[in-house]
Amino acid sequence: MPELPEVQTIVSDLNKEIKNLRIVNLWLDLPYSIDRKKLIGSTILGVRRRAKNILIDLDNEGILLIHLKMTGKLIINSKIKMQNEKFRKHVHLVFDLDDGRELVFSDVRKFGKVILDSKKRIEARLLGLGPEPLSKEFTFPVFDLAIVNRRRAIKLVLLDQYVISGIGNIYSDDILWKARIDPRKLACDLSLKEKKRIWSAISNVLSRAIKLRGSSISDYRDFYGKEGGYQKIRLVYDRYKEKCRRCAAMILKIKIGGRSSCFCPGCQK
DNA sequence: AATCGTTCCTGATAGC
DNA sequence: TGCTATCAGGAACGAT
């Protein structure tokens, strides 16, 4: 499930690989909101990330917004990949580029979103999103203000893109383990010290994950089809019934607001 | 205004 | 072995 580190990895590689290329054709088999006439012939100026959205800036004042949701993948075409029947089955979009390669979007569960719209309208859609946790603007007071008085489990607050952007289920679990906080604890009940621990765990965990090119726990793959490395060193996510890396208690899995949540009952208070 | 539950979809796997 | 039920997940949406 692509979260900030996975999306950032893909965006960095897209910038290396497809910048300044022209889109010369489009194939799709799901009703994505893309006007062919506006897309074909446009040139890619660059690729950015906002929250978990991939934004491809085009030279015609348009932006292609791609949200991978759970199983969306963006892959640069390789003949080997496309000959693989299992992979081809879930390909729903193919952008032909003017260097002869193809930018391929596949999505097993079909939750992914791909929209072409004007710069103005795409940016308007993204307006309410919370601050970027790895930006300079994400100081402790900014974080504190975003979560203060919220009568919700801190786990759910961290997952809310309109509070802080980019964190999903894997990294919210790991952040709270690192900060030694029970995920069920209400945000409004956290002490200043606890909030500071969470704030510093956010940048620590996310930047470590970016260095390792994300987590391939279920089916995330990068732009080249390769796995990330964070899953090997993950702190608590999906370690249900295993021993805590810190206190050796058994990791529990519970539901919080419909989300599965792994934590250590021994050292997360 | 903030929070909660439901929904979309498919493949993997747990349980019988 | 083979079937069915459950689970996984982000975020839009409607209800409270």
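Values below: all heavy atoms of this structure, side chains included; hydrogens, waters and symmetry mates excluded. What you see is a predicted model, and the numbers here were worked out from it, not measured in a lab. All chains are named by letter (A, B, ...) in the order of the sequence lines, taking the proteins before the strands, and each is independently numbered beginning at 1.
Here the P atom of nucleotide B/dC4 and the CG atom of A/Leu186 are 9 Å apart, to the nearest Å. As a whole-Å value, the separation of A/Asp238 CG from C/dA8 C1' is 10 Å. Following rounding to the nearest Å, A/Arg259 (CZ) and C/dG10 (P) show an atom-to-atom distance of 6 Å. If you take CE of A/Met70 and C1' of C/dA11, they are 9 Å apart, rounded to a whole angstrom. We find that CZ of A/Phe111 is positioned 12 Å from C1' of C/dA12, with the value rounded to whole Å. Regarding A/Met1, its CE atom lies at a distance of 10 Å from the P atom of C/dA8, rounded to whole Å. When the P atom of C/dA11 is taken as reference, atom CG of A/Leu159 falls 9 Å away, rounded to whole Å. The distance from atom CD1 of A/Ile254 to atom C1' of C/dC7 is 16 Å, rounded to the nearest whole Å.
In terms of phosphate contacts, A/Arg151 brings no side-chain nitrogen or oxygen within less than 4.0 Å of OP1 or OP2 of B/dA2. For A/Lys113 and C/dG10, the shortest distance from a side-chain N or O to OP1 or OP2 is not below 4.0 Å. Residue A/Thr71 places none of its side-chain N or O atoms closer than 4.0 Å to OP1 or OP2 of B/dT10. Between A/Lys69 and C/dA12 there is no side-chain N or O to OP1 or OP2 distance below 4.0 Å. The shortest distance between the side-chain N/O atoms of A/Arg109 and the OP1/OP2 oxygens of C/dA8 is not below 4.0 Å. One finds a side-chain N or O of A/Lys110 lying less than 4.0 angstrom from the OP1 or OP2 phosphate oxygen of B/dT10.
The side chain of A/Tyr162 lies closest to C/dA12, out of C/dA12, C/dA11, B/dT10. Side-chain proximity of A/Val108 to B/dG11, C/dG10, B/dC4: nearest is B/dG11. Closest approach to the A/Lys52 side chain among C/dG10, C/dA12, B/dC4 is made by C/dG10 (side chain taken as heavy atoms from C-beta onward). Closest to the side chain of A/His67, from the set C/dA8, B/dT3, C/dG10, is C/dG10.
Toward the 5' end of DNA chain B, the nearer of the two residues A/Asn149 and A/His90, judged by each one's closest nucleotide, is A/Asn149. If you find the closest nucleotide of DNA chain C to A/Arg125 and to A/Lys253, the one lying nearer the 5' end belongs to A/Lys253.
Considering A/Met1, A/Glu3, A/Glu6 as possible partners of A/Ser215, the one that fulfils the side chain to side chain contact (heavy atoms under 4.5 Å, CB included) test is A/Glu6.
Contact check on A/Asp173 versus A/Arg259 returns no salt bridge, with no Lys/Arg side-chain nitrogen under 4.0 Å from an Asp/Glu carboxylate oxygen.
Few gaps surround NZ on A/Lys195; more than 12 heavy atoms of other groups in view lie less than 6.0 Å from it. The local environment of NZ in A/Lys38 is sparse, with at most 12 non-hydrogen atoms from other residues, nucleotides or ligands closer than 6.0 Å.
Among residue pairs with one or both ends in residues 199-208 of chain A, none qualify as side-chain hydrogen bond (donor to acceptor under 3.5 Å, both in side chains); sequence neighbours excluded.
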